[in-house]
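Numbers restart at 1 for each chain; the letters A, B, ... are given by sequence-line order, proteins then strands. Fair warning: this is a prediction, and the values are worked out from it, not measured in the lab.
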There are 2 protein chains.
Amino acid sequence: MATIRDVARLADVSVSTVSLVFSQPHRVSESTRLRVQQAVDHLEYRPNGTARDLRVRKTNTIGVLLHNLSGPFYSELIRGVEEVADMLGLTTIAAGCSSHQGQGSVRLLHEARIDGAIVLDPSIESKELLRYARESLPVVVLDRPLTHDFHSEYISAVAADHELGGYLAGNHLLDQGFRRFAFIAGPVDSGDSHLRHRGFFRALHRAEIDTVTIPVVYSDFTENGGKRAMGTLLEQGWKLDAIFAANDEMAIGAMQALEEHHVSVPNDVAVMGFDDIRLARYVTPSLSTIHQPMYEVGKTAMKKLEGALNGTSDGDVEILPVTLVTRSSTLAPLAKEGIS
Amino acid sequence: MATIRDVARLADVSVSTVSLVFSQPHRVSESTRLRVQQAVDHLEYRPNGTARDLRVRKTNTIGVLLHNLSGPFYSELIRGVEEVADMLGLTTIAAGCSSHQGQGSVRLLHEARIDGAIVLDPSIESKELLRYARESLPVVVLDRPLTHDFHSEYISAVAADHELGGYLAGNHLLDQGFRRFAFIAGPVDSGDSHLRHRGFFRALHRAEIDTVTIPVVYSDFTENGGKRAMGTLLEQGWKLDAIFAANDEMAIGAMQALEEHHVSVPNDVAVMGFDDIRLARYVTPSLSTIHQPMYEVGKTAMKKLEGALNGTSDGDVEILPVTLVTRSSTLAPLAKEGIS
DNA sequence: CCCTCCAATCGAACCGTTTCGATTCTCCCT
DNA sequence: AGGGAGAATCGAAACGGTTCGATTGGAGGG
């Protein structure tokens, strides 16, 4: 690879002049600018990014760290991030957090390869993030709350209003006339699942339903996990009207289990999810759920990051509203009677 | 941030010794190693990746450049890449190719920020890739053939056998007893779509069906595009048995259009897709399709890249087999009669 | 004709590592 | 005691840019 020195030699100017041609073209005379340009073309010179990053001590790159890159869910998020980053002249790179410690995306955090990070990956421990976050590397987390022991000047958060979502789901199911519920939760240490759980119970309390009678099964946010959780509920022979699953994947798994047990959805039991993934619209029956504005989350996260990069932080945590999406999986028994 | 010099000063050793502690610990005595380690911990020293990259002239990072990061389709691919990269001690980063020229992922290619690239993004022109690919930056393309004018020592390709897929699809539809076909193609400049098209027609020729009578509509690989394409076919009043769409998205769009026109799938007309995206299994009726082994593609691409990085190239292009996945959207009329 | 000023260009330091050859120190052998 | 081997450590030169203060040259004013 040709270096800036090669260009300088060929164009018979100093290195600094070549640099100037790129950074402040108006500062160099037309004739030399042309000469430099020719040399650049001829040598196919391309500036070395790592050298520049080293010198100016920033990379103009921000990282989006995800558990895995699957799902149209994440893609919306990244789209939001990219849109804002692009306007700011920043490059966005995404990294899944693969198996080996130290190998994968953590290297981006660890070795000053990015100027900021957006994190949505429960497998990266908060403790670790606290170590990495600093003035020159602010972090926005999307998957955990800012508690008193997870708190730093350089960490902020953006989240959908999970509690509200749980509440909306609960109210919707109540409005549809259901009374006997079960909840399929995510992993015990998932803050998101916990908040959804809480909102759900709040709605039930308000309707004076005794939540102590409600079975809760903890699963893992996967389709298969939801299926197994539903299997557990069915085996126990609970009398149930409606299932609220902490995400759509598990809700879809639950529907499969129900189908296999010849329980009709929503005639015998209603199912409600959370996230509004693309699949929710296509399964049969289509899945009622809570829509998370992932694109907005991405945009907001990037804006917060920008604020942190410029030292103009604008508060710790931003909560974005969610919306109820009613589809067929929670059709009311009454409505059905009215129709038939 | 503390630098290696700070550590050296605090531990009262030279900079090179500190470096040695990391790279070849056995070469430094236990006592100093301990002292250095303490200094590192105390200062929270972390090596600067860009400085190292500059010095050793490689980044140990490979980029996966995608059109957008959407779809479980891509995620499988990335999973395959990551698995291999991880074993090789390489970091994988993914970048969507957002709007602004020069801003986005191209910077990774342009500025020597990665050691190799895997490209699946038609919006990056082949011409451009030819400019970037070189010994120190080999490229594996996943979305285009290696033609005589797009050919370089440093570019190789991995692809699913699109032609075979088209052929399998054609044969399957013929086996099911369908005879009057339409093809919904991708963009005219999509090589993949073209190959699927070719394979499809080869199957029809073999069955002595006159392909001249077969309407072809070119669309854009999106669900909505498929819907509009199907609309066009329906308006023209073609008599049709079966639709073959060049990807699942368009096939699903086509099914929607058919439903809106009260044409039953597969009773009135069969629909077949290509890709085997996750959704295909869930739509109603479930979509017959051709399965592309994206995970394998990712792994193979990464292995090829590794070969190129080590100078042990193993041929230009690798074609991976595809498989037929039969579901409900292509149930045979005869079978149906047999059942009813 | 000389001085001043500004535009154009240059030289050199610096960013934080790695690496290689040189140096010092220790210990052992004859 | 002298010499040599080998381990431990060090110094300094890269890597390829950016940036700032210094230098040069020519135009314009008095």
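- Checked by atom type, the side-chain pair B/T222/B/D220 shows a donor-acceptor distance below 3.5 Å.
- At whole-Å resolution of the value, CG in A/L34 and C1' in C/dA8 are 16 Å apart.
- Using a 4.0 Å cut-off between charged nitrogen and carboxylate oxygen, A/E44 and B/R131 do not count as a salt-bridge pair.
- A donor-acceptor pair shorter than 3.5 Å can be found between the side chains of B/T61 and A/R107.
- Formation of a donor-acceptor pair under 3.5 Å by the B/R35 side chain with backbone atoms of B/A11 is found in this model.
- For A/R27, whose side chain is taken as the heavy atoms from C-beta onward, the closest listed nucleotide among C/dT9, C/dG16, C/dT18 is C/dT9.
- Between B/S29 and D/dT9, a side-chain N or O to OP1/OP2 separation shorter than 4.0 Å is present.
- Comparing C/dT17, D/dG11, D/dG17 by their closest approach to the side chain of A/N48 singles out D/dG17.
- Contacts of A/S23 with the nucleic acid, taken as non-hydrogen atoms under 4.0 Å apart, are absent.
- If you measure from atom NZ of A/K58 to atom C1' of D/dT18, you get 13 Å, rounded to the nearest angstrom.
- Taking atom CG of residue B/D53 and atom C1' of nucleotide D/dA14, one finds them 16 Å apart after rounding to whole Å.
- The distance between atom CD of A/E30 and atom P of C/dA8, rounded to the nearest whole Å, is 11 Å.
- Ranking D/dT9, C/dC15, C/dA12 by closeness to the A/L54 side chain, first place goes to C/dC15.
- Contacts of A/R46 with the nucleic acid, taken as non-hydrogen atoms under 4.0 Å apart, involve only primed sugar atoms and P, OP1 or OP2.
- In this structure, B/N60 atom CG and C/dT17 atom P are separated by 16 Å, rounded to whole Å.
- Comparing D/dT18, C/dC10, D/dT9 against the side chain of A/S19 picks out D/dT18 as the nearest.
- For B/S14 against D/dG11, no side-chain N or O and base N or O form a donor-acceptor pair under 3.5 Å.
- Residue-to-nucleotide proximity on DNA chain C shows that, of B/P47 and A/H26, the 5′-proximal contact is made by A/H26.
- Using a 4.0 Å heavy-atom cutoff across all strands shown, B/V13 reaches sugar-phosphate atoms only and no base atom.
- Here C/dT18 is the nucleotide among D/dT18, C/dT18, C/dT9 with the atom lying nearest to any side-chain atom of B/R52.
- Interface remark: the A/R5 side chain does form a donor-acceptor pair with the D/dG17 base, using a distance-only criterion of under 3.5 Å.
- Inspection of the B/T59 and B/D115 side chains reveals an N or O donor paired with an N or O acceptor under 3.5 Å.
- Between the CG atom of B/L20 and the C1' atom of D/dC10 there is a distance of 10 Å, rounded to whole Å.
- B/T3 comes within contact range of the sugar-phosphate backbone alone, with a heavy-atom separation under 4.0 Å but no base atom that close.
- Following rounding to the nearest Å, A/R33 (CZ) and C/dT9 (C1') show an atom-to-atom distance of 14 Å.
- Mapping B/T17 and B/R57 onto DNA chain D via the closest heavy atom, the residue that lands nearer the 5' end is B/T17.
- For the residue pair A/T3 / A/R5, no side-chain donor-acceptor distance below 3.5 Å is found, with atom types taken as modelled.
- A/S16 comes within contact range of at least one nucleobase, with a heavy-atom separation under 4.0 Å.
- In this structure, A/F22 reaches neither bases nor backbone, as no heavy-atom distance under 4.0 Å exists between it and the strands shown.
- A donor and an acceptor atom sit less than 3.5 Å apart, one in the side chain of A/R55 and one in the base of D/dT18.
- If you take CZ of A/R9 and C1' of C/dC10, they are 16 Å apart, rounded to a whole angstrom.
- For B/I4, counting side-chain heavy atoms from C-beta on, the closest listed nucleotide (C/dT18, D/dT9, D/dG17) is C/dT18.
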